[in-house]
Amino acid sequence: MKKFIYLSAFMLTIVNLSCASLFSTANGVCSCTCAACINCTGKHHVTLSPEQLAIQDSLRAVKSMRDAELDSLLNMDYTIVHYDASGPEPYKWEPNEVISTPQDSLMALFRTATPTTGGDTEFILKGINTNTKVNDIYFYFNTTNGVPEPLRFVVHFYADDPINFNKMRFNLDGFYYDYTPTGIKRTNDGKFYCENFDNAMDEQSRDIVAGLAHCEYADVLLISERGVNHRIFFSEKQLKHFKETYQLYRKMGGEL
């Protein structure tokens, strides 16, 4: 208990000293109006020692620094900033897309022939082998009176083990698209199996077309009826073929 009384007295002494130090005037005389100073024996006219004046200056400096820090905090702009955290979006067919590649330079990459699927002229890239015994996936299109018909999508799978796929799942730069082909032909060639189709693309599949024409990476999973799927990774050459066929198709006014 005595220790507590001594400690309390010591704390009151510090409070009185700090108070007097903070509120003294320039001539070192206390001008504080707290209860301790009002009731002091010197009646507010206690002359401070040089050490007390030094403490006063130090406390004033600390107070000034803290006031400045408080002003800085109060004047900060706390407006909530909304950042755009959206990332890349899935590929979509753009109806008004502008193709900057000259049409003449694209036309030079294609060969024309009489089509077997309608129209009067078939446009297919010179670098594509249309033999069904050559594994490939590609676009081509026909025109009627110079106007492109729906873009066609071809898959040729040839191997010594059949897949019997009926669905396809594309991974285009991390975005996934499902496609269900129609009219899949399944034939045998000795010990080899052929699975292929030639479909006209439409409004429901046009985002896949745009994705294949613009992506930097692509693979496709051939989903089997038997539960054993097969993944095909597209080469840079194949992606280039998709892009070039798409560009000429759009350049000539092709729509889906």
Side-chain angles (χ1 to χ4, degrees), residues 88-99 101 103 106-107 109-125 127-128 130 132 135-157 163-186 194-225 229-232 234 238-256:
E89 295 184 356
Y91 293 104
K92 291 185 178 181
W93 178 279
E94 297 293 342
N96 300 315
E97 182 178 355
V98 176
I99 306 300
T101 307
Q103 185 169 327
L106 291 170
M107 289 283 286
L109 304 175
F110 289 77
R111 63 176 182 266
T112 57
T114 301
T116 58
T117 55
D120 52 34
T121 306
E122 177 186 88
F123 287 82
I124 189 166
L125 280 164
I128 291 177
T130 59
T132 57
N135 285 288
D136 204 357
I137 302 177
Y138 59 89
F139 294 149
Y140 79 96
F141 64 93
N142 301 328
T143 60
T144 299
N145 298 323
V147 179
E149 295 183 349
L151 189 70
R152 303 196 71 86
F153 180 52
V154 177
V155 170
H156 291 163
F157 180 79
I163 301 176
N164 291 319
F165 70 93
N166 59 358
K167 293 182 181 180
M168 305 174 72
R169 175 161 296 169
F170 292 89
N171 173 9
L172 309 180
D173 288 340
F175 299 107
Y176 292 87
Y177 303 78
D178 290 336
Y179 179 70
T180 302
T182 60
I184 301 175
K185 297 179 181 179
R186 310 183 198 275
C194 301
E195 299 179 51
N196 55 77
F197 66 82
D198 181 343
N199 287 176
M201 303 301 270
D202 54 23
E203 185 176 357
Q204 283 68 45
S205 53
R206 65 184 185 178
D207 290 344
I208 297 174
V209 172
L212 285 169
H214 292 92
C215 69
E216 297 181 0
Y217 167 85
D219 68 58
V220 62
L221 185 68
L222 304 181
I223 301 175
S224 172
E225 297 175 339
N229 304 327
H230 181 75
R231 190 179 302 277
I232 296 174
F234 292 97
Q238 287 176 305
L239 294 180
K240 185 171 181 287
H241 286 170
F242 288 131
K243 183 177 182 179
E244 291 168 341
T245 304
Y246 172 86
Q247 287 183 333
L248 181 61
Y249 183 75
R250 298 299 303 270
K251 198 77 174 179
M252 295 178 67
E255 292 290 345
L256 292 177

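This chain uses plain numbering: 1 for the first residue, then up along the sequence. It should be emphasised that the depicted structure is a prediction, and the values quoted were computed from it without experimental measurement.
Counting heavy atoms from C-beta on, the side chains of Val155 and Ile184 never come closer than 4.5 Å. By the 4.5 Å heavy-atom criterion applied to side chains, Asn199 and Tyr179 are counted as neighbours. For the pair Phe123/Asn142, no side-chain contact is recorded, criterion being any heavy-atom separation below 4.5 Å from C-beta on. Within the 4.5 Å cutoff, the side chain of Asp178 has no heavy atoms near those of the Tyr176 side chain. You'll find the side chain of Tyr217 reaches within 4.5 Å of the side chain of Asn171, heavy atoms only. Side-chain contact between Glu244 and Phe139 is absent, with no heavy atoms from C-beta onward closer than 4.5 Å. Side-chain contact between Arg206 and Met201 is absent, with no heavy atoms from C-beta onward closer than 4.5 Å. Using a 4.5 Å heavy-atom cutoff, the side chains of His241 and Tyr138 are not in contact.
With rounding to the nearest 0.5 angstrom, the CZ atom of Phe157 is 10.0 Å from the CD1 atom of Ile137. Summarising the geometry, atom CG belonging to Leu256 is positioned 12.0 Å from atom CD belonging to Glu149; distances are rounded to the nearest 0.5 Å. Interatomic distance, CD1 of Ile124 versus OG1 of Thr130, reported as 5.5 Å (0.5 Å rounding).
In terms of heavy-atom proximity, Pro181 sits nearest to Phe165 at CG-CE1, 4.3 Å. What you find for Glu225 and Arg186 is that their closest heavy atoms are OE2-NH2, 3.9 Å. Nearest heavy-atom pair, Ser224 versus Ile163, reported as atom, atom and distance to 0.1 Å: OG-O, 2.6 Å. Taking both residues in full, the closest heavy atoms of Met252 and Pro148 are given as O-CD, 3.3 Å, listed atom of the first, atom of the second, then distance. Contact detail for Asn166 and Thr180: the closest heavy-atom pair is O-CG2, 3.7 Å. When all heavy atoms of Asp120 and Asn145 are compared, the pair lying nearest together is OD2-N, 2.8 Å.
Between Phe242 and the options Phe170, Phe234, Tyr249, a ring pair (Phe, Tyr, Trp, His ring centres under 6.0 Å) holds for only Phe234.
In this structure, Arg152 contributes its side chain and Asp198 its backbone to a donor-acceptor pair below 3.5 Å. Listed for the Tyr177 side chain is a donor-acceptor partner under 3.5 Å among the backbone atoms of Tyr91. A donor-acceptor pair is defined here as one N or O able to donate and one able to accept, closer than 3.5 Å; such a pair exists between the side chain of Arg111 and the backbone of Leu125. Remark: the backbone N or O of Ser205 is paired with a side-chain donor or acceptor of Asp202 at under 3.5 angstrom.
Under the salt bridge (Lys or Arg N to Asp or Glu O under 4.0 Å) criterion, Lys92 pairs with no residue at all, not counting sequence neighbours.
Taking the six-membered ring for Trp, Phe110 and Tyr140 have ring centres at least 6.0 Å apart.
A donor atom on one side chain and an acceptor atom on the other are not found under 3.5 Å apart for His230 and Glu195.
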Determine, step by step, whether Asp136 and Gln238 satisfy the side chain to side chain donor-acceptor pair (under 3.5 Å) criterion, reporting the C-alpha distance in whole Å, the side-chain angles of both residues, the deciding distance to 0.1 Å, and the verdict. CA-CA 8 Å; Asp136 204 357; Gln238 287 176 305; 3.0 Å; yes
List the steps and the verdict of side-chain contact (heavy atoms from CB on, under 4.5 Å) for Trp93 and Glu203. CA-CA 9 Å; Trp93 178 279; Glu203 185 176 357; over 6 Å; no
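In Lys243, the NZ atom is not crowded: 12 or fewer heavy atoms of neighbouring residues, nucleotides or ligands sit closer than 6.0 Å.
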